[in-house]
Structures are given as structure tokens and as C-alpha cells.
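I have placed the structure first, in the form of C-alpha cells, so that the comments after it can refer back to it.
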Number of protein chains: 2
Amino acid sequence: MTTPPGLRERKKQATRAALREAALRLAVEHGPDQVRVEDIAEAAGVSPRTYNNYFASREQAIVAAVTADREERIAAAVAARPAGVRLADAVTDAVVEQCTDTGGHERALLLITTRPALREAYLDTSAGIEPPLTAVIAERLGDAGAHTARVLAASVAAAVRIALEGWLRPAGKEEAAGSTGAGALVLPSGSLPDQLRAALAPLAPAFDAAERRPG
Amino acid sequence: MTTPPGLRERKKQATRAALREAALRLAVEHGPDQVRVEDIAEAAGVSPRTYNNYFASREQAIVAAVTADREERIAAAVAARPAGVRLADAVTDAVVEQCTDTGGHERALLLITTRPALREAYLDTSAGIEPPLTAVIAERLGDAGAHTARVLAASVAAAVRIALEGWLRPAGKEEAAGSTGAGALVLPSGSLPDQLRAALAPLAPAFDAAERRPG
DNA sequence: CAGAATAACTGCGTACACGCAAATTTGCGC
DNA sequence: GCGCAAATTTGCGTGTACGCAGTTATTCTG
């Protein structure tokens with residue numbers, strides 16, 4: 001099942017990593033807006049066209065450097081919990097644990113999240129946790145719950161996004177209150193773990209119900 | 001609160017509608033890939049630059065023509081339900097009701113969802129239901145539940161996206177089973193209402209819990 | 001180990017997205 | 001009506017995203 005990766009796959013990961021790191025380094029050095037994909041590609045030793053085979057936008061490589069392989073880490077952390085604990089707790093703890101660990105790039109994160117485009121790209125990365133989360137949740141729920149697992153994983157991803165938005169709201173500009181109206185009155189804006197737990201809490205009953213039912 | 005919209009706002013909506021309809025008409029006439037934003041802008045009587053003031057991509061205008069104002073219709077449908085019914089049911093019924101109504105554009109939808117880029121843009125529209133849904137759910141849950149409302153609305157949006165993906169999976173190519181593995185064994189692929197209800201069902205416990213608790 | 005098959009890299013060309021600043025249009029108080 | 005402030009439209013310029021087809025590198029098969 002776990003065939004040792006061949007040269008091809010290793011080279012691909014190396015290229016991806018080189019692009020990530022080059023993107024972040026250049027962004028920190030010259031400022032996020034002064035970096036073109038051409039520069040990143042050159043620094044990583046590939047053609048600009050190849051850059052776009054790995055990342056669909058200029059911003060993705062930069063945020064990927066701080067996001068790293070968060071998705072797999074979350075999934076692994078969930079799988080590592082003993083089977084006895086509540087699935088909702090396992091997921092919540094894993095998410096908090098892995099999202100808080102920025103891998104020593106907190107400085108870069110601050111720089112990044114001030115630029116709207118990068119901020120948006122960073123928030124979009126939360127969608128990436130859905131596939132691996134789906135896999136581990138499905139494993140816990142059994143075959144009959146595969147469909148449920150997908151929905152729960154997507155909901156978690158959405159909640160993480162909301163938590164991140166709330167967390168770096170102070171960093172960004174004050175936004176238009178918009179048609180939602182009431183939401184603007186109180187903006188708690190606690191620490192990131194607090195935001196994450198608060199956002200995930202409403203989903204706990206859904207996890208409990210899924211765990212209780214066979215499918 | 002409901003100030004009669006001035007000339008400015010009416011013109012803006014008219015321009016938006018003109019762009020939507022022009023985009024759809026040209027896409028149906030010449031094929032989705034043979035339409036440039038320049039063509040759409042010209043047909044709507046505005047400059048290409050103005051097109052991008054209304055839509056951030058070439059595909060958005062086309063899909064907006066079939067999506068129309070689904071977001072507001074869903075929110076209105078939820079608000080229209082009597083306060084006695086379970087919130088989960090109100091939301092589910094409203095979503096099924098409004099997502100099934102394609103406004104007579106089912107032919108266009110079929111044409112659209114065969115192109116990957118348009119398919120993706122169409123799926124992305126489901127994210128747009130979050131803000132209005134947040135507002136109506138927050139109204140039902142009270143001020144203390146504003147935060148919960150946001151998470152539930154985002155989860156509903158994610159579930160709708162999953163339902164749409166499952167619905168038009170037969171239309172698209174067979175996709176790589178990927179690391180999720182188990183999910184590929186059974187692909188039910190029922191009707192759209194079935195897909196929607198199946199995707200929303202796992203969230204019902206979360207709605208029930210939110211309704212039961214004060215906040 | 002040779003040759004076929006498969007996958008990745010690259011250059012080119014086209015269309016797109018969007019920041020910016022000037023020109024035009026709308027709203028509003030007088 | 002008049003003129004000012006705010007919002008919208010527009011052209012321009014730059015950088016970006018990606019389909020396509022050819023080349024090169026890796027993997028598979030006998």
C-alpha cells in the first residue's frame with residue numbers, strides 16, 4: 001500500500017517545496033507586492049510556466065509556505081487519537097493543535113495577512129483540509145457514514161475559515177457591517193484557539209449524532 | 001429602512017442584469033468557450049473594464065444568469081416559515097425548494113456544467129448563500145446565537161456545494177478516486193432534491209442543539 | 001538493458017484580472 | 001436650476017493564468 005516513492009514523485013515534492021520557500025523568502029525580502037511569478041520561478045530554478053503547473057495563482061505559493069502540509073497533519077492528528085474519545089473532541093483538538101502551530105512562520109504570517117489578496121489566499125487554504133478530514137472521519141464512521149463524513153469535513157473546513165477570519169479581523173481594516181446587521185455589534189476576537197473552539201462547538205452535536213447512528 | 005432605490009442603484013442593477021443575460025445568450029449561441037468578456041461587454045453596452053467591476057471572472061456572469069438571486073430567495077423562504085417549525089426543517093425545505101427552481105434555465109445549466117471552468121464557477125455560487133442565511137438564522141437564534149448562525153450557514157453552503165457536485169457528477173468525467181478511497185465505491189447520484197436532503201441531514205442535530213440552547 | 005509508455009517541463013500565444021487616475025454621471029442641499 | 005461631493009465608468013498598462021504542442025526525463029515491460 002505504501003510503495004516507496006520513486007524519483008519522479010520526490011522531485012515533484014522538491015520542486016513544490018523549492019517554489020514555496022522561494023516565494024516566501026522573496027516576499028519577506030522585497031515585500032509581497034514586489035514579487036512576480038517570474039522571480040519565484042527563477043529562484044526555484046524552473047520556468048514560469050512550470051510555476052503555474054504547481055500553483056494556480058501568485059499568492060498560493062506564498063501562503064503554502066506557512067500552511068505547509070497542515071491538511072495531512074490534521075488528519076494524522078485525528079487518526080492518532082484513541083478510538084474511545086468523542087469524535088467531535090478528537091477533531092476539535094486536532095484542528096486547534098495543528099492550526100496553532102505555524103511552524104515558526106508567525107512573522108511571515110503577519111506580513112502576509114495585511115495584504116488583502118494574500119489574506120484571501122490564506123483563508124482559502126482552509127478548504128484544503130476537507131479531503132483528508134473526510135478520509136479519517138469516514139474511517140471512524142464506517143462505510144455507511146461516508147456521505148456524512150464528507151459533509152462534516154466540509155463543515156469543519158468552513159468553521160476553520162470563519163475562525164481565521166475572526167482571528168485576523170483586527171489586523172485587517174474594519175469591514176462594512178453589511179446586511180447581516182446584528183453581527184457587527186460584538187466582535188469578540190479572542191485568541192486563535194478560542195476562535196477555533198468557538199467556531200467548531202456548534203458542529204459537535206452533528207458529530208455526536210453521526211457517531212451514534214450506524215450511518 | 002426600505003428607502004426606494006434611486007436612479008443610481010437601479011442603473012447598477014440594470015447593468016448587472018444586462019451583463020448576465022448577454023453572457024448567457026452569447027454562451028448559448030456560440031458555445032461557452034467562444035465568448036470573450038469583450039463580446040459580453042459590448043452586447044451589454046459597457047466597456048470591458050466595467051465588466052470586471054461587476055464580475056471577477058469571465059465565468060461568473062454566465063453562471064449568475066442561471067443562479068439569479070438564489071441567495072435572497074433562500075433567505076426569504078426561510079423567513080417565511082412559521083416560527084413553530086424546526087429550524088433544520090425550515091432551512092432544508094427552503095434550500096431544496098429554491099435550488100430546484102432553476103428559473104427555466106435548465107437547458108443552459110446542462111450546457112454550462114459540461115465545461116470544467118463553468119462547472120467550478122457554478123459550484124462556487126453556493127458560497128454566496130452564506131451571508132443571507134446567516135442573517136435569517138441569527139434572527140431565529142437570537143443575539144446570543146449570532147456566532148453559531150454564521151457557522152451553521154457556512155455549513156449549509158458547504159453541504160449545498162457537495163450536493164451539487166454529487167448531482168452533476170454523471171455529467172462530468174469520472175474523477176480520480178483519490179486518497180479518500182472508500183467514497184468511490186458507492187455513488188448514489190439521485191435527483192437533486194435527494195442529494196440536497198442527504199447532504200443537509202447530517203447538520204440537523206447541530207440546528208436542533210442551537211435552537212434548544214439560548215446561545 | 002533496450003525500447004516503449006507515461007509523466008513532467010517548457011515556450012508560445014491569447015485572453016483575462018485589476019490597480020490607477022482621469023473623465024463622466026448622479027445625488028443633494030441651497 | 002446650480003454647483004459641489006460622491007460614486008461610477010472608462011482607458012491604459014502590467015502582470016497573470018492556462019491551453020496547446022513539442023521536448024525531455026522517468027518508469028515500465030519484456
Side-chain angles (χ1 to χ4, degrees), chain A residues 2-20 22-23 26-27 30-64 114-121 124 173 176 178, chain B residues 2-20 22-23 26-27 30-64 114-121 124 173 176 178:
Chain A
T2 54
T3 309
L7 176 60
R8 205 170 229 163
E9 188 61 23
R10 271 182 291 136
K11 260 198 168 182
K12 225 165 73 162
Q13 295 308 322
T15 301
R16 168 168 263 108
L19 285 171
R20 274 198 308 236
L26 293 175
H30 306 111
D33 299 330
Q34 307 303 319
V35 184
R36 295 166 305 172
V37 304
E38 186 184 340
D39 304 327
I40 302 174
E42 189 188 18
V46 295
S47 77
R49 184 62 184 84
T50 295
Y51 173 91
N52 276 313
N53 287 343
Y54 284 87
F55 298 100
S57 79
R58 186 181 70 87
E59 290 81 10
Q60 277 187 13
I62 303 177
V63 300
T114 56
R115 259 70 171 189
L118 285 175
R119 213 181 90 105
E120 197 59 35
D124 284 344
K173 296 287 186 180
Chain B
T2 54
T3 310
L7 176 60
R8 207 168 223 165
E9 188 61 23
R10 271 182 291 135
K11 258 200 166 182
K12 229 166 68 162
Q13 294 307 324
T15 300
R16 169 168 263 110
L19 285 170
R20 275 198 307 237
L26 293 175
H30 306 109
D33 300 329
Q34 306 302 320
V35 184
R36 295 165 307 174
V37 303
E38 186 184 341
D39 304 327
I40 301 174
E42 189 187 19
V46 296
S47 76
R49 184 64 183 83
T50 296
Y51 173 91
N52 277 310
N53 288 344
Y54 284 87
F55 298 100
S57 80
R58 185 181 72 87
E59 291 81 10
Q60 277 187 13
I62 303 178
V63 301
T114 55
R115 261 69 173 189
L118 286 174
R119 212 181 92 105
E120 199 58 34
D124 284 344
K173 297 286 186 181

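Reminder, nothing fancy here: chain letters follow the sequence lines and each chain counts from 1. This one's a predicted model, so the numbers in the text were calculated from it and none came from an experiment.
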Worksheet item: Between Asn52(A) and Thr50(B), which has a closest nucleotide on DNA chain D that is more 5'?
Response: Thr50(B)
Practice prompt. Step through the shown structure and confirm whether more than 12 heavy atoms of other residues, nucleotides or ligands are within 6.0 Å of CD on Glu38(B).
Written response: no
Fill in: Candidates dA17(C), dA17(D), dT9(D) - which lies nearest the side chain of Thr15(B)
dT9(D)
Worksheet item: Okay, side chain of Arg58(A), backbone of Val35(A): is any donor-acceptor separation there less than 3.5 Å?
Response: yes
Worksheet item: For the pair made of OH in Tyr51(A) and C1' in dA8(C), what is the distance, rounded to whole Å?
Response: 18 Å
Worksheet item: Under 4.0 Å between a side-chain N or O of Tyr54(A) and OP1 or OP2 of dC9(C)?
Response: yes
Fill in: Set of residues satisfying side-chain contact (heavy atoms from CB on, under 4.5 Å) with respect to Lys12(A), sequence neighbours excluded
Glu9(A), Tyr54(A)
Worksheet item: Counting side-chain heavy atoms from C-beta on, which of dC9(C), dA17(D), dC18(C) comes nearest to Asn53(A)?
Response: dC9(C)
Worksheet item: Can you check the Arg8(B) CZ to dT26(C) P distance for me, whole Å?
Response: 8 Å
Worksheet entry | Pair of N/O donor and acceptor under 3.5 Å linking dG13(C) base with Arg49(A) side chain | no
Response to the item:
In whole angstroms, the gap separating P of dC9(C) from NZ of Lys12(A) amounts to 8 Å
Worksheet entry | Separation of atom CD in Glu9(B) from atom C1' in dT25(C), rounded to whole Å | 15 Å
Worksheet item: OP1 or OP2 of dA8(C) sitting under 4.0 Å from any side-chain N/O of Lys11(A)?
Response: no
Item to complete: Would you kindly give the CZ-to-C1' distance between Arg58(B) and dT14(C), to the nearest whole Å?
Response: 12 Å
Practice prompt. Report the nucleotide, chosen from dC16(C), dG19(C), dT9(D), that has the shortest atom-to-atom distance to any side-chain atom of Arg36(B).
Written response: dC16(C)
